2 protein chains.
Amino acid sequence: MSYDHKTALAPNMPLITSASELVGNYPKMAITVDCVIFGFEDNKLKVLLIRSDLQMYNDKWSLLGDVTLANEEFEDAAYRILKTRTGMTDVYLEQVRTFSQVARHPGGRVITVAYCSLLNIRHHQLKITDNELHWHSLSSLGDMAFDHQQIIDRCYNWLQKRIQEHPLGFNLLPEKFSLRELQNLYEAILNVELDRRNFRKKFFSMDFLEDTGEFEFDVKHRPGKLYQFNFAKYEKNKRKWIGIDF
Amino acid sequence: MSYDHKTALAPNMPLITSASELVGNYPKMAITVDCVIFGFEDNKLKVLLIRSDLQMYNDKWSLLGDVTLANEEFEDAAYRILKTRTGMTDVYLEQVRTFSQVARHPGGRVITVAYCSLLNIRHHQLKITDNELHWHSLSSLGDMAFDHQQIIDRCYNWLQKRIQEHPLGFNLLPEKFSLRELQNLYEAILNVELDRRNFRKKFFSMDFLEDTGEFEFDVKHRPGKLYQFNFAKYEKNKRKWIGIDF
DNA sequence: ACAAAAGTGTGTACTATTTACACAATGGCA
DNA sequence: TGCCATTGTGTAAATAGTACACACTTTTGT
C-alpha cells in the first residue's frame, strides 16, 4: 500500500483548502472499543468476559469489544456493545486509555479504546450470555486473548485510583447497604485491610451517608444499619484536592 | 462504501479462522496524534502551538499533530512529530486521552490521541519554527482549531493532578533550581498561592532535594540556594497512596 | 431457656500532618 | 550607608489518621 497524502509535517506548505481531500488521503486503521466491566459479588471484584470468537484465541477469555462504526461516537459504541452483549443499559462508562501497539491484534493493525464501567451485579442481570459471557473473579483470570490482560490491569489501576477520589463504589452496591458492605468493597478493590472503626469514622465525617432506619435482614448475626448515598449532599461538600504528595 | 465485515456482535457465530480477513473487513478511520507540550517560562505555564495549515483554520492555533503511520507505534509518532516540528528530542511523553467525536474534524472522521509532554523551555530550544511555532501563555490562548481547546483543557487537568502525585515539575526547571522557582512552578500549574514556609517544609520532608552548595547569581535580591532532584532517593522513598477522600 | 458464635456499634489517646503566621539575614542598588 | 526585595527559619494550634477493647444484638445449637 502506498500513500500519497500530504503529510502535515512538511513545513511551510501552501495552505490546504480541502479538508476532506486531506483526510481522504490519510492512512486508515481499524478501531475497536473494549469494555472493561467491573462488578462486585461475594466480596470479590469481578470482571465480565466472554470467550473469544477468534479460533486462535478460543481457549482464552476476552473483553466485550467490537469495531466502531463510521459515524458512531465511541462512547455510544461502548454502550451498544454492552447492550448487545449483555442486555444491560443504564450503566456508568468512562474512557480509560487507548491501546495501539502495532502487534496487539493477530489480524492486522487494530487500535482499541478501553471504556470502563462499574456496576452492581444484582441490579444488572445478564440478559444475554452468548459466548459464555460471565463474571470472572479478578484474582483468578485465566489466559486472556490479545492484550486484554494488559487492558484489564490498566483499568484496574485506574479504578483503584478513581475510587479513592470519587464515590464510584456506590455503583457497585445495592441502593441501601451496610457499612460492612461498603468496607468490603473498598477492601476488595484496594486490596488492603482497613480498620472498621476508622473506616466508619471516615465515611460518617464525609457526611453523605443517610441512615435509612432499616436494617439488614438476611444475615446470621446482629443486623447492621442500612445507609444510602445522598448525592445532593455529596455534590455540595465535595472537596477539591490540593495535596502535593509523592 | 458498504461493509461486509462479520461483526463480532452476532452471537454464537462459528469461530473465526482468519484474523486478517476479519480485520480486513473492519471499517477504518484516520488516526492522528496530537502533542500537548507544556513548558514553563516567566512564571507562566506555556504550551507550544503552530498555526494550522488548513485554510479554514488559518487564523487559529493548533497543536502539533500528524497522522499516524500504518506500522508506527503512537508513542513513536508523537516523538516523530515533536522532532520534525520542533527539532526537540529527549522529552518525556505520556498518553492522556483519545478524542473521537464524529464531527471534530471538518474533513471527515479523524480520531486523535493526545500525548502530553512537559519540558524545560531553556533546555529545549526550538530548532525549527515553521508555521509560526511558538510558546503561548496558557492563560491567553486565542481561538483554537478543531477541538484543540478541549484537548488542551483535558491535558491541563491531567497535568494538575499528575503533578501532585509525581515529581514531573522538575522537568520544567533547570537542573539546579531554587525553591522559589519550584514554588512558582507549582503555583502556576495549580493556579493557587502557597505558603512559602510550608512549601519548603513539605519538599524538604520528602527528602530528595539535594543542596548543591551553589546559589542563584542573576537575581536582584538575596540569592537563594540551588537544589537538584535526587532521582535515586525519590525512587527509594516514594510512597504508595491509600487515602480515600472525596 | 440458655450459652456460644458472629459481627455490629461506639470513644479515646496518640501520632502525624497541615495550617497560620513574623522576624532576622543577605545581597543589590542608589 | 540605607533601603528594598527576597531568602531562610520555627512554633503553636488545628486537623486528620492510627491503634485499639468492650458492650450489644441477633442467630444457632442444645
Side-chain angles (χ1 to χ4, degrees), chain A residues 42-43 163-165 167 173-174 176-188 190-228 237-246, chain B residues 42-43 163-165 167 173-174 176-188 190-228 237-246:
Chain A
D42 302 330
N43 291 343
I163 204 173
Q164 295 185 55
E165 295 173 5
L173 293 175
K176 298 172 181 180
F177 50 85
S178 69
L179 272 177
R180 166 52 62 180
E181 291 177 286
L182 188 62
Q183 185 176 339
N184 285 339
L185 173 65
Y186 275 85
E187 291 185 335
L190 298 178
N191 197 30
V192 290
E193 296 213 330
L194 300 168
D195 179 273
R196 189 162 54 95
R197 277 171 292 187
N198 294 336
F199 183 84
R200 292 169 154 265
K201 212 190 307 179
K202 182 87 196 169
F203 275 85
F204 285 137
S205 81
M206 292 194 273
D207 198 39
F208 47 64
L209 290 183
E210 218 158 54
D211 192 335
T212 62
E214 297 171 50
F215 289 83
E216 293 177 294
F217 51 92
D218 51 357
V219 291
K220 34 177 156 296
H221 55 76
R222 173 176 175 182
K225 279 190 186 174
L226 295 177
Y227 295 87
Q228 61 195 9
N237 303 337
K238 72 181 167 191
R239 65 186 277 185
K240 16 188 170 37
W241 251 99
I242 297 209
I244 301 160
D245 228 330
F246 36 83
Chain B
D42 302 330
N43 291 344
I163 204 173
Q164 295 187 53
E165 295 172 4
L173 293 175
K176 298 172 181 180
F177 49 85
S178 68
L179 272 176
R180 166 52 62 182
E181 289 176 287
L182 189 61
Q183 183 176 340
N184 285 340
L185 173 65
Y186 275 85
E187 291 186 336
L190 298 178
N191 198 28
V192 290
E193 297 213 329
L194 301 168
D195 180 274
R196 190 160 55 93
R197 277 170 293 187
N198 294 335
F199 183 84
R200 293 169 154 266
K201 211 189 308 177
K202 182 89 197 170
F203 275 85
F204 286 137
S205 80
M206 292 194 273
D207 197 40
F208 47 63
L209 290 183
E210 216 159 55
D211 192 334
T212 62
E214 298 172 49
F215 289 82
E216 293 178 293
F217 52 91
D218 51 355
V219 290
K220 36 176 157 298
H221 54 77
R222 173 176 174 183
K225 278 192 187 174
L226 294 177
Y227 295 88
Q228 60 195 8
N237 303 337
K238 71 181 167 191
R239 68 185 277 187
K240 3 185 180 38
W241 252 98
I242 298 209
I244 302 159
D245 229 329
F246 37 82

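Just so you know, these numbers use all the heavy atoms, side chains as well, and skip hydrogens, waters and symmetry mates. Treat the numbers as computed from the prediction; the structure is a model and nothing was measured.
Between Pro167(A) and Met206(A), every side-chain heavy-atom pair lies at or beyond the 4.5 Å cut-off.
To the nearest 0.5 Å, atom NZ of residue Lys201(B) and atom CG of residue Asp195(B) are 8.0 Å apart. The line from CG of Asn237(B) to CG of Asp207(B) is 6.0 Å long, rounded to the nearest 0.5 Å. Between the CG atom in Leu173(B) and the CD atom in Gln228(B) there is a gap of 12.5 Å [rounded to 0.5 Å].
Atom-to-atom, CZ of Phe199(A) to P of dG17(D) comes out at 13 Å; the value is rounded to the nearest Å. Counting to the nearest Å, the P atom of dT6(D) and the CZ atom of Phe215(B) are 18 Å from each other. The distance from atom CG of Asp218(A) to atom C1' of dT27(D) is 13 Å, rounded to the nearest whole Å. In this structure, Leu194(A) places its CG atom 9 Å from P of dT18(D), rounding to the nearest Å. To the nearest angstrom, P of dG9(C) lies 15 Å from CZ of Phe203(A). Between the P atom of dT7(D) and the CZ atom of Phe217(B) lies a distance of 16 Å, rounded to the nearest Å. One atom, CG of Asn198(B), and another, C1' of dA16(C), lie 15 Å apart when rounded to the nearest Å. Atom CG of Asp195(A) and atom P of dG9(C) are 15 Å apart (whole Å).
Between Gln183(B) and Leu194(B), the closest heavy-atom pair is NE2-O, 2.9 Å. Leu179(A) and Leu209(A) make their closest contact through CD2-CD1, 3.7 Å (heavy atoms, listed as atom of the first residue, atom of the second, distance).
With the end axes of the helix from dA1(C)-dT30(D) to dA30(C)-dT1(D) each set by five pairs, the angle from one to the other reads 10° at 10° resolution.
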Table of protein N/O atoms under 3.5 Å from nucleotides 5-8 of chain C N/O atoms:
residue, atom, partner, partner atom, Å
dT8(C), O2, Arg222(A), NH1, 2.8

(message) Show, in sequence, the C-alpha distance, side-chain angles and deciding distance for Arg180(A) and Asn184(A), and conclude whether the side-chain contact (heavy atoms from CB on, under 4.5 Å) test is met.
(response) CA-CA 6 Å; Arg180(A) 166 52 62 180; Asn184(A) 285 339; 3.3 Å; yes
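If you find the closest nucleotide of DNA chain D to Val219(A) and to Arg197(A), the one lying nearer the 5' end belongs to Arg197(A).
Under the ring pair (Phe, Tyr, Trp, His ring centres under 6.0 Å) test applied with Tyr227(A), the options Phe204(A), Phe208(A), Phe177(A) reduce to a single match, Phe204(A).
With hydrogens and angles ignored, a donor-acceptor pair closer than 3.5 Å exists between the side chain of Lys201(B) and the base of dT11(D). Side-chain atoms of Lys202(B) stay outside donor-acceptor range of the base of dT19(C), with no qualifying N/O pair under 3.5 Å.
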Name the atoms and distances for all side-chain donor-acceptor pairs under 3.5 Å in residues 212-219 of chain B, with sequence neighbours left out.
residue, atom, partner, partner atom, Å
Thr212(B), OG1, Glu214(B), N, 3.1
Thr212(B), OG1, Leu226(B), O, 2.7
Glu214(B), OE2, Lys176(B), NZ, 2.5
Glu216(B), OE1, Gly224(B), N, 2.7

